[in-house]
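In what follows, a single structure is set out as structure tokens and then discussed.
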There are 2 protein chains.
Amino acid sequence: MSSADGFLPNLEVRVIAFSLQGERLHVLLVPEGGQRAFPGSRVECERSLDEAASGQLYCLTGLREAYLEQLYTYGDPERSPGGRLISVVYFALVPAAQEGAAAQAAPMNKDAAGAEWFPVESLPGLVSDHAAMLAYALRRLRYKLEYSAVGFQLLPEVFTLTELQRTYEMILGEKLDKRNFRRRILQAGIIEPTPRLRSGEGRPARLYRYRADAVAEVKARRLFP
Amino acid sequence: MSSADGFLPNLEVRVIAFSLQGERLHVLLVPEGGQRAFPGSRVECERSLDEAASGQLYCLTGLREAYLEQLYTYGDPERSPGGRLISVVYFALVPAAQEGAAAQAAPMNKDAAGAEWFPVESLPGLVSDHAAMLAYALRRLRYKLEYSAVGFQLLPEVFTLTELQRTYEMILGEKLDKRNFRRRILQAGIIEPTPRLRSGEGRPARLYRYRADAVAEVKARRLFP
DNA sequence: ATAATAGTGTCTCTCAGACATTATTTA
DNA sequence: TAAATAATGTCTGAGAGACACTATTAT
């Protein structure tokens, strides 16, 4: 049934990888036919779809443990001019590089395949139906952020509450009240303080981390309705 | 790239169709290899995945306009013993037959392919990973019911508030308070009263219908948290 | 000392949840 | 008139949202 070349015919996975760079949400794109596209690959016969997607992510970012979730499968006959193609699309959250850590396995800015991060508000031309994919992925990301704790996946292991709030604001596209944000995020019980502080321009800020033992019990209740 | 027989190789769609029968939630199953499976078919080269799924649903229930949504794509190499197979799984909500209407295009109980409705609490043995698919579909159905208005898709065009409440209770698996249910469902503004009443054993009940003009603006806020 | 950022508490109002009685019909 | 189901309002407690000042550091 499968092709002789060891790949499944007519099938690929694509990965929409989000990351925070500076003060903006970025996505990872590779060149394709003069435009840009989400990185992807065909699927080897003996690999699962999840493996194909996380392999793709690893080879572009060097990360093994990023948040990865299947988004949607696109399969309209007209969507790819060069013959019928089914795309199983994933979306991934790539943590920002750890502050002050040397030689971090952080998202690279260039790659063998020419992958680059682009801010989501100013994207180059995208191939085929990839713009629609991105719109859907963004909607889902915002949505997930509201009722689950997925925002931490974009931050390094430790972070300040202000950084966390900026992350939420960046993705939701709105300002949040500092005191209300802190009250709710702490009440949710998904982060805990560490003994460390981070010094900056003003008063040093306490560093928090995601509570590993709370990962399982993702809150069903919305955090930010 | 595509097979010579006009179908995409290694790819199928499956449909998990839910319906209310009597006082229970049912799913539609067909015989397959001595067990039962969700109805499905391979995908013709020139058809979209959505079309393949809705065609499948039409051929089994006679319905053209049922609620249909892509659920997940399963593609692990080990899941199908007879060679690698990718299953794009949809879930569908089939409305109950209209009360008192003759020759209704309602869900048939038997079909050319031997399709039958089974209550979700007492299912026969399911093929391959179909039990896991069902568990996920049920979770998603319950979840959608809580924050959107999808419950109406399982009812005929007009219904009483008690029938609607029973639907919610059946799917969520818990009793709901009558007054609170009515308050919230009416405040949500997604149904409207009709002039008609339905007579039964006791006091006749007002019939309601889904507000067509409110279909688009699905409430983002949860109805039943 | 000044600039910069971190950190904290209260009040109000809305909404979810619990709860019991009256109204209208058929048998 | 009895049995069955429909329809309706109030109170209470929890949580969301608005809001301003003090604390601690670097320059």
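Per chain, numbering begins at 1; letters A, B, ... match sequence-line order. Every heavy atom of this structure was used, including side-chain atoms; hydrogens, water molecules and symmetry mates were not.
Scanning both residues, A/Ala53 and A/Val15, for their nearest heavy atoms gives O-CG2, 3.6 Å.
Dense packing is recorded around CZ of A/Arg142, with more than 12 heavy atoms of other residues, nucleotides or ligands lying under 6.0 Å away. The environment of CD in A/Glu65 is sparse: at most 12 heavy-atom neighbours from other residues, nucleotides or ligands sit within 6.0 Å.
Remark: C1' of D/dA6 and CZ of B/Arg198 are 13 Å apart, rounded to the nearest angstrom. The interatomic distance linking B/Phe159 (CZ) with D/dT5 (P) rounds to 20 Å, in whole Å. Taking atom NZ of B/Lys178 as the reference point, atom P of C/dG17 lies 19 Å away to the nearest angstrom. Protein atom CZ of A/Phe181 is 14 Å distant from nucleotide atom P of C/dT8, rounded to whole Å. If you take CG of A/Leu207 and C1' of C/dT5, they are 14 Å apart, rounded to a whole angstrom. The CZ atom of B/Arg183 sits 9 Å away from the P atom of C/dG17 (whole-angstrom rounding). Between B/Asp177 atom CG and D/dA7 atom P there is a gap of 15 Å when expressed in whole angstrom units. One interatomic measurement links the two molecules: CZ of B/Arg166 to C1' of D/dA6, which rounds to 12 Å at whole-angstrom precision.
End-to-end axis angle of the helix from C/dA1-D/dT27 to C/dA27-D/dT1, using five pairs per end and rounding to 10°, comes to 0°.
Judged by distance alone, the side chain of B/Arg211 and the main-chain N or O of B/Gly189 form a donor-acceptor pair under 3.5 Å. Within the 3.5 Å criterion, the main-chain N or O of A/Thr194 finds a donor-acceptor partner in the side chain of A/Arg206. No donor-acceptor pair closer than 3.5 Å links the side chain of B/Gln35 to the backbone N or O of B/Glu32. Using modelled atom types, no side-chain atom of A/Gln21 and backbone atom of A/Trp117 make a donor-acceptor pair closer than 3.5 Å. With hydrogens and angles disregarded, a donor-acceptor distance shorter than 3.5 Å links the side chain of B/Thr167 to the backbone of B/Glu163.
A/Tyr58 and A/Gln56 share no side-chain donor-acceptor pair at under 3.5 Å.
Looking at the side chain of A/Asn180, the nearest of the listed nucleotides D/dA6, C/dA16, D/dG17 is D/dG17. When the nucleotides C/dG9, D/dA6, C/dA6 are ranked by their closest atom to the side chain of A/Arg179, C/dG9 comes out on top.
When heavy atoms are screened at a 4.0 angstrom cut-off, B/Arg206 is found touching the sugar-phosphate backbone but no base atom. Counting any heavy atom pair closer than 4.0 Å across all strands shown, A/Thr162 reaches sugar-phosphate atoms only and no base atom.
B/Arg184 contributes no side-chain N or O that forms a donor-acceptor pair with the base of C/dG17 under 3.5 Å. For B/Arg182 and D/dG9, a side-chain-to-base donor-acceptor distance below 3.5 Å is absent, hydrogens and geometry of angles not being considered.
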Could you list the protein-to-nucleotides 25-27 of chain C atom pairs, N/O on both sides, closer than 3.5 Å?
from   : atom 1 : to       : atom 2 : distance (Å)
C/dT26 : O4'    : B/Glu201 : O      : 3.4

